[in-house]
Number of protein chains: 2
Amino acid sequence: MRDALKGHVDLLLLSALEDEPAHGYELVETIRDRSEGEFDLAEGTVYPSLYRLERRRLVASGWETVSGRRRRVYRLTTSGRRKLLKERSDWRAFAQAMEAVVT
Amino acid sequence: MRDALKGHVDLLLLSALEDEPAHGYELVETIRDRSEGEFDLAEGTVYPSLYRLERRRLVASGWETVSGRRRRVYRLTTSGRRKLLKERSDWRAFAQAMEAVVT
DNA sequence: GACTATACCTAGTGTTTCTAGGTATTACTA
DNA sequence: TAGTAATACCTAGAAACACTAGGTATAGTC
């Protein structure tokens, strides 16, 4: 299913940040775990996506050092949280429409 | 929802061809109707997609003239029908994984 | 006679995922 | 203790594909 994720990665990232802040590497794991292995995002996908989200002020980040390793921790902004709700409802409409055509 | 369809247009087209052959312009309408307006595919999306499907031997086409207008009518091939089943089941796995992450 | 709908075609644009490299630190293990 | 794996980040370029914006042509409507 190449490219199936196109246009949906932002929603995955925002969703994974909904409950608590997380750093990039961690988001990859969260998404892989929650999707039961279906989505194994490349780092080259995640980092640029996070930068775009930050540029759009949907997330904000800060550096943190844990046992010698630097991490950039992201959290949802207020508009990011609003965006998450919108994207989630857009996703549901999209999925429903897909089912309607596909079935 | 820009780009949400990326990677899913083939499935829409194959689905719309499942029950009977159809021409390109007609497929746009079928997909718009079944999706209740959610998917209004541009012709610049549909025609190149159909060519790619034909090149991969998933559909086959023939010209037809109805009241003076030329139409290219597409139908599923055997492997196209097999592909449809595969893509449909891939879509369901994808949608389920999306729900799992998003919820 | 002008306009709309039907029906097709296509070159180029833009966005975004992914590949394939890279750096650096810590933890494990043979 | 040397080597490898895991953690954690970064980025330039490639590839794919939906879409824009133009085009042609016929039939029907006002």
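Chain letters run A, B, ... following the sequence lines, proteins first and then strands; every chain starts at 1. This is a predicted model, so every value here is computed, not measured.
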| task | Measure the shortest side-chain to side-chain distance between B/Glu54 and B/Arg72 over non-hydrogen atoms and say whether it is less than 4.5 angstrom. | result | yes

request  = Answer yes or no: is there a side-chain heavy-atom contact under 4.5 Å between A/Asp90 and A/Lys86?
outcome  = yes

Whole-Å distance, A/Phe39 CZ to C/dT17 P, equals 12 Å

Taken to the nearest whole Å, CG/B/Asp10 to C1'/D/dC19 is 15 Å

Any salt bridge linking B/Arg32 with B/Asp40? Criterion: basic side-chain nitrogen under 4.0 Å from a carboxylate oxygen. yes

A/Arg72 atom CZ is separated from D/dC10 atom C1', nearest whole Å, by 10 Å

query = Can a salt bridge be assigned to the pair B/Glu18 and B/Arg81 using a cut-off of 4.0 Å between side-chain N and carboxylate O?
reply = no

In whole angstroms, the gap separating C1' of D/dT20 from CG of B/Asp40 amounts to 14 Å

Sorted by chain and residue number, the side-chain contact (heavy atoms from CB on, under 4.5 Å) partners of A/Phe39 (sequence neighbours excluded) come out as A/Leu5, A/Leu12, A/Ile31, A/Ser35, B/Phe94, B/Ala97, B/Met98, B/Val101

| said: Could you check whether any side-chain heavy atom of B/Glu20 comes within less than 4.5 Å of a side-chain heavy atom of B/Glu26, counting everything from C-beta outward? | reply: no

- [ ] Report which part of the nucleic acid B/Tyr51 touches: base, sugar-phosphate, or nothing (heavy-atom distance under 4.0 Å, all strands).
- [x] sugar-phosphate

By nearest-heavy-atom nucleotide on DNA chain C, the more 5' of B/Glu29 and B/Thr45 is B/Glu29

B/Glu43 atom CD is separated from C/dT10 atom P, nearest whole Å, by 13 Å

Less than 4.5 Å apart, side chain to side chain, heavy atoms only: is that true for B/Leu11 and B/Leu84?
yes

Result for 5'-nearest mapping on DNA chain D, choosing between A/Gly44 and A/Arg70, is A/Arg70

Taken to the nearest whole Å, OH/A/Tyr74 to P/D/dA8 is 14 Å

Q.
Is the phosphate of C/dA7 approached by B/Arg71 (side-chain N or O, under 4.0 Å from OP1 or OP2)?
A. yes

Next item on the list: Name the nucleic acid region contacted by B/Gly24, choosing base, sugar-phosphate or nothing; use a 4.0 angstrom heavy-atom cut-off, strictly under.
Entry: sugar-phosphate

Item to complete: Establish, with yes or no, whether the OP1 or OP2 oxygen of D/dC9 is under 4.0 angstrom from a side-chain nitrogen or oxygen of A/Tyr47.
Response: yes

Rounded to whole Å, NE2 of B/His8 lies from C1' of C/dT16 at a distance of 13 Å

Does any non-hydrogen side-chain atom of B/Asp10 lie less than 4.5 Å from one of B/Arg56? yes

Q.
Quick check: do A/Leu13 and A/Ser49 have side-chain heavy atoms less than 4.5 Å from each other?
A. yes

Checklist entry - Which part of the nucleic acid, if any, lies within reach of A/Glu26 when heavy atoms closer than 4.0 Å are counted: base, sugar-phosphate only, or nothing? => result nothing

side-chain N/O B/Ser49 vs D/dA18 OP1/OP2, d < 4.0 Å
yes

So, with a heavy-atom separation below 4.0 Å from DNA chain D, the residues of residues 57-69 of chain A are A/Trp63, A/Arg69

Quick one: is D/dC9 close enough that its OP1 or OP2 comes under 4.0 Å of any side-chain N or O from A/Tyr25? no

In whole angstroms, the gap separating P of D/dA18 from CG of B/Leu50 amounts to 11 Å

Nucleotides 2-4 of chain C: which of its N/O atoms have a protein N/O under 3.5 Å away?
none

field: Residue A/Glu99 excluded, over 12 heavy atoms near CD under 6.0 Å
entry: yes

